[in-house]
Structure formats: C-alpha cells, structure tokens
Amino acid sequence: MSPPTFRLYNTLTHETEPVEPIEEEHLRFYSCGPTVYTYAHIGNFRSFVTADLIRRTAEAIGWDVTNVSNITDVGHLTQDDLVDPGGEDKMKQALEREGERFANIYDLARHYTKAFLEDWRALNLREPEVRPRATEHVTDQLHAVIELVEKGHAYTTDQGVYFSVESFDDYGHLSGNTQAQQLQATDRDVVEDPDKQDPRDFALWKHDPDHLMHWHSPWGWGYPGWHIECSVMGMQYLGDRFDLHTGGEDLIFPHHECEIAQNQSLAGHQVINYWVHTRFLQVEGEKMSKSKGNFYTVRDLINPGPEDDHVPAPIRKQGGVDPLALRYTLLQGQYRKPFNFTLDTLRTAARHVQRFQDASERVDEAIEANVDGPDPIGPQLGDCYDRMLEAMCDDLNTPAAAAAALEGVKVIEQADKLSVAAAHSARHWLDRTNDLLGIVEPEHETDASSEASEQEVISGDHLADSVEELLDEREAARTDGEYARADAIRDTLEALGIEVMDTPDGTEWQRKTEL
RNA sequence: GGUGACGUGGCCGAGUGGUCAGGCAGAGGCCUGCAAAGCCUCCUACGGCGGUUCGAAUCCGCCCGUCACCUCCA
C-alpha cells in the first residue's frame, strides 16, 4: 500500500495542501524556538509538539527530515520597535528578578536553555538536526543587515537600522495586515524614532552600547532585531529555498511577516513554501495567565515542587504526571483548533498512556514465553496503523489518530492468549505507534527521569513489603471466610493510597492515582 | 475598526451530501463473598435563520457567539 498524501494547512494560502518537498522525499523545515528567559509552559510546547508531529509523520511515510530549531538567547526589547527609556528587555528583566541565581545574562540563558532541553526530551520530542543559538550567529545577522541596506531594503538612523516595508510589495500577505493605517505610529511605537520613514518599518539593528548583550557593528555597539535571527539561521542551514516553517499563531504577525520580507529581499525570491501555525491553548476554559492561577510550565506538571501551590493538589500529591500523559493530552486537540487543556483531560490521558505501557509489558512477556499459535490480531493492528497514519497525514488529525491508537491497544488487551506470533505483531504495532505519536514509551534517557524512577523503585520496594504482608493477611482472612476482617484490611490499604484488585490470577495492587 | 480561525450529544472531540467515530462522565447487566478492574448494552447531537438538493452537521448567504492576532508572548 502506498502511503497517504501528507497534507497541511498553509497559512500563506489559507488552504490545506499536499506537502511537496523541494527535494524529493526530503522535508526541510525551520521551527521557531523559545526565548530562554524563563521555563517553557505547556502552551509553548503545544507548538513544539506540532513540529515534532510533522517530523514523525514525514518519517513515517518514508521521507528524510532536516529540521532546524533555534534557541533565542538574545534579550530583545519588550516592545519590538521601541527604544525603551529604561532599556529593558525580557532577559534583563528576568535577570533583575532572579539576580541572585545568575552571575550574568549568559548564565541565565544557559540555565533556561538546559531546562528547556530537559522538558523537550521528557515530552518525547525528537531532536532537530540543527539547534542554532542566536548569539552564535550575530555576525551572520550583521552581514544580512548590511546586505539589506546595500540592496535598498533598509536604512539607518541614529537609533539603528530599519527594514523599509515600502521596499517589499508583498508585506502583509501572510497575516492579512496589509493596510498601513493598521500600524499607526501610536500603535506600534511607544517611543517613536523620529527618523523612521514609515510606521510599519521594523528594526534590524538597535544601537545601544549599554545593552546587557551587545556586539560591534558598522553602526556602533548594539544588538540585532528580533526577526532577523530566524531569517539568517533558517537560510544558513536550509538554503535560500526550503519547505516549511512552524511557530505559534502569535508569530504570524509581526514575526513571520517580517521574516518573509527579509528572506525574500535577501534571496530575491520566495524562500519558504508552507507556513504552519499552532493555536494557543486555553486552560480550564480561560487564557493561561499567572494571575488566573492556571499557568503551567512543563515542569510544574511533571515534577512539581512542594511549594508550587498553583499546581493542582492531586498532581502535586502524586509527584507529577507522566510526561507522556502530558504529551498525550496535547494530542487530544488538533493543532489548528482552539484547545482547552483541563485537568480532566490530563487524568484521562494518564490512564490511556498507562494502557499502552501495560500492553507493552504484556507483549514483552508473551514474546519471552514464546508460545506457538496463530496471530489473529496482526491484520487488525495493521488496519489501525493505516488509519493512524492517514489521520496524521490529514493535517495532523491527532484526535482521530489517538482514537485509532486506542482501538489498537484494545485489540491487544482483549486478545486472550498472545502467541509469540501475535506478540510480535503487537510489538511491531506498538513500536510503529510510538514512532508516529510518541505516546508509548520514552525515547530519551534523561538523568532526571532515571533518578526519579530509581527513587520510586526504592520507596516502592519498601512500600511493597508492607503491602504484601497486609495482602497475605487479607488472603488468609478471605480463605477463612472472615470477610469483615478482609475488608478492613482493604480499607487500611486504601487509606494508604493502595488499590486492591482480586483477579482470576490472584490479588493485584497498585498505587491509587490521585488525579 | 482590520485580519484570521472556530461553533457537533452532560463534557472532550472525529466526521466536507445519503452506513459506525472514539474517549470521559452517567445508567443497566455480566463477573466478584462484597468491591475494584475488565467485558457487554444504553444515552443519537450538530449555534440561529434562509437557500441549493430527492436528500445537509457536511455546499451557499446572512445573523449570533467564542477565541486569537493587529504591543512582547507558542
């Protein structure tokens, strides 16, 4: 069977289109990464998950993938175009807020970069081929700015270098913000540079020798504008024609609009064919914000500290959720639709992820047991996989793909006995499902997770001894028909957070999930 | 005001002209000493008003509503 056609919604054309890579069967794309001035939140990661799913889907249909995903570690102004009287930027603000923790702005950026990469791996995101840092490409950015000036697309003032929007006819194509009056000076500039020629013009370089990060340039000491880094790093690693660019919906304007203007002015032609944008998520029906108490970083949910009291108590009590449950939750909504992140969805996701893991264990045991027999489930699982892939190729329809995956795991659960042949089919399906959706098992070994699991094993063992003792006692009571005593023991265990289940194969127990 | 996305059962969420989504919650049943888990069954919706059609959740128009961007934000 030939693989389905991979289709994605292209913001540039407002249509869902077949993805046709410039190089046959080789998708090359750029993903806008984070500014590393704080911990990334679950909304940030919704966007990175989209990029990851594009990669996985492309790989699943047999394509090669080259992905560039940047780290923005330059402190840009809090207002894009503003020469702030106080010279504040996000990273400087963060440094002032947390001054004692970091020796300087580079320290701060390093810390949050490291944290970001840990979260990235925890959520089973595959590594990009290139992960460039903005600070390591400032010279390249300078060259690009010089070239834009030379080509007549930019001009200098005392305060910096600006891109001349008038020099680029197609400005506004991506966002629809074509009318100049939409960008009134009062809207865009809090402090106007009197020498700016058009209110729509945006900064390529800021003259500011006092900025915490500054570099030498033909226009004196200063730092680059926000938009130029992505243009430069994208074209440096992917060339002046590549396939696709991803980011959050807020980046459509101004960031990507400006990036297109820069790219095409530098290259002289269209550089990127497809633009894919992920919608913001809401939390419990509201915009995520610290003041509403519904603002979650990734680490809030997977590894909350005792003092993180904005994290719901059930999550804190059980020491955080499985990162894959968080990932699975994010798959419950298609990237282009509004998505309401709720505790309820997270709870359900945790249960479903557990089912995949249980099925995976059962399959491994069946392979070990090596019992001869027929394989009645192989074809069903193959069909499930086809539907998953079809759904993913249809503009990353993750809810439909997840539904098909759930059907597959059900097929494995319901199989009475797993012959070794059936188990191999199941193993194959689970592996391919994990390749496509990343929801079965972690693909990275992280220090944090191995430490945590080690601890869990230790405390688990300790707990297990006392639980087993109580269960033996209960079993004895049950055999003697002393059900009142047996139930009392069960109540005791329940109070300890242990759930008891009597199965045909004997009594089993597990930690009750608090969610 | 400009631009864009979206509006499906108690909740989440598939579905682009005529047969089923799926999940969660809820109800009943099987199983169980009783539970739990699991399994089976049930709950049949498409914002409103027009239009096209033999037939519309699905196409068209208008209206209403939600969200987002237009200042940094994924």
Side-chain angles (χ1 to χ4, degrees), chain A residues 9 11 14 16 31-35 37-38 40-51 75-82 84 88-90 93 172 174-184 186-190 200 226 246-257 277-282 285-289 328-329 331-342 344-345 347-349 351-352 355 387 391 394 397-407 410 413-414 477-479 481-484 486-487 490-491 494 499-504 507-510 512:
Chain A
Y9 181 86
T11 309
H14 308 301
T16 303
S31 311
C32 269
T35 302
Y37 65 103
T38 184
H41 55 70
I42 56 177
N44 298 128
F45 268 93
R46 184 180 199 203
S47 167
F48 304 136
V49 165
T50 299
H76 294 292
L77 288 179
T78 49
Q79 259 127 353
D80 171 48
D81 217 19
L82 159 71
D84 189 303
E88 292 288 291
D89 70 57
K90 285 181 293 188
Q93 283 173 354
L174 182 74
S175 63
N177 289 335
T178 52
Q179 287 163 315
Q181 65 264 31
Q182 292 311 312
L183 297 167
Q184 291 297 331
T186 47
D187 290 341
R188 204 165 193 193
D189 303 327
V190 179
R200 297 174 299 168
W226 174 36
T246 66
E249 63 169 332
D250 57 309
L251 298 182
I252 295 171
F253 191 91
H255 186 54
H256 290 163
E257 195 73 76
H277 293 101
T278 303
R279 283 211 67 160
F280 277 13
L281 56 73
Q282 294 184 284
E286 290 190 288
K287 180 165 177 150
M288 183 165 65
S289 73
Y328 191 96
T329 303
L331 301 189
Q332 291 312 295
Q334 196 244 12
Y335 76 96
R336 210 153 58 74
K337 287 197 174 176
F339 178 67
N340 186 15
F341 184 96
T342 66
D344 194 52
T345 311
R347 177 193 307 121
T348 305
R351 286 218 291 265
H352 288 328
R355 285 173 67 185
R387 278 183 288 138
D394 180 15
N397 188 342
T398 47
L406 218 49
E407 269 182 63
K410 205 167 180 177
E413 285 168 348
Q414 292 183 348
R478 288 179 73 206
T479 322
E482 293 177 40
Y483 294 119
D487 290 350
R490 186 167 63 198
D491 290 345
E494 222 155 89
E499 202 166 28
V500 178
M501 289 164 291
D502 298 324
T503 75
T507 300
E508 289 177 9
W509 65 276
Q510 64 179 32
K512 228 173 20 186

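In what follows, chains carry the letters A, B, and so on, assigned in the order in which the sequence lines appear, proteins first and then strands, with residues in each chain numbered from 1.
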**Message:** OP1 or OP2 of B:C69 versus the side-chain N and O atoms of A:Lys287: is any pair under 4.0 Å?
**Reply:** yes
**Prompt:** Is a donor-acceptor contact shorter than 3.5 angstrom present between the side chain of A:Arg351 and the base of B:C24?
**Reply:** no
**Request:** Rounded off to whole Å, could you give me the CD-to-C1' distance for the A:Gln334 and B:G15 pair?
**Result:** 13 Å
**Request:** Would you kindly give the CD-to-P distance between A:Glu257 and B:U3, to the nearest whole Å?
**Result:** 14 Å
**Whole-Å distance separating the CG atom of A:Asn44 from the P atom of B:A74** = 5 Å
**Fill in**
When rounded to whole Å, the CD1 to P distance for the pair A:Ile252 and B:C69 reads 10 Å
**Prompt:** Hey, does the side chain of A:Asn340 come within less than 4.0 Å of B:U66's phosphate (OP1/OP2), counting only N and O?
**Reply:** no
**Asked** Distance only, no hydrogens: is a donor on one side chain within 3.5 Å (strictly under) of an acceptor on the other, for A:Thr246 and A:Ser31?
**Response** yes
**Prompt:** Hey, is A:Phe280 stacking on B:A68? Ring centres under 5.5 Å, planes under 30°.
**Reply:** no
**Message:** Classify A:Arg336 by what it touches in the nucleic acid, base, sugar-phosphate, or nothing, heavy-atom distance under 4.0 Å.
**Reply:** sugar-phosphate
**Asked** Between B:A35 atom C1' and A:Glu508 atom CD, what is the distance in whole Å?
**Response** 15 Å
**Item:** No-hydrogen, no-angle side-chain donor-acceptor test under 3.5 Å, A:Glu257 and A:Ser175
**Value:** yes
**Message:** Could you tell me how far apart A:His277 (NE2) and B:C6 (P) are, to the nearest whole angstrom?
**Reply:** 15 Å
**Message:** Tell me if the side-chain of A:Asp502 makes a donor-acceptor pair with the base of B:C34, cut-off 3.5 Å, by modelled atom types.
**Reply:** yes
**Message:** With a 4.0 Å limit, can you tell me whether A:Lys410 has a side-chain N or O closer than that to the phosphate oxygens OP1/OP2 of B:C39?
**Reply:** no
**Item:** Touch class at under 4.0 angstrom, heavy-atom based, for A:Tyr9 against every strand present
**Value:** sugar-phosphate
**Prompt:** Could a donor-acceptor pair under 3.5 angstrom be found where the side chain of A:Arg490 meets the base of B:A35?
**Reply:** yes
**Spacing of the C1' atoms in B:G50 and B:G13 (rounded, Å)** = 29 Å
**Prompt:** Which word best sums up how the rings of A:His277 and A:His256 line up, parallel for under 30°, tilted for 30 to 60°, or perpendicular for over 60°?
**Reply:** tilted
**Request:** Determine: side-chain N/O of A:Trp509 to OP1/OP2 of B:A36, distance under 4.0 Å, yes or no.
**Result:** no
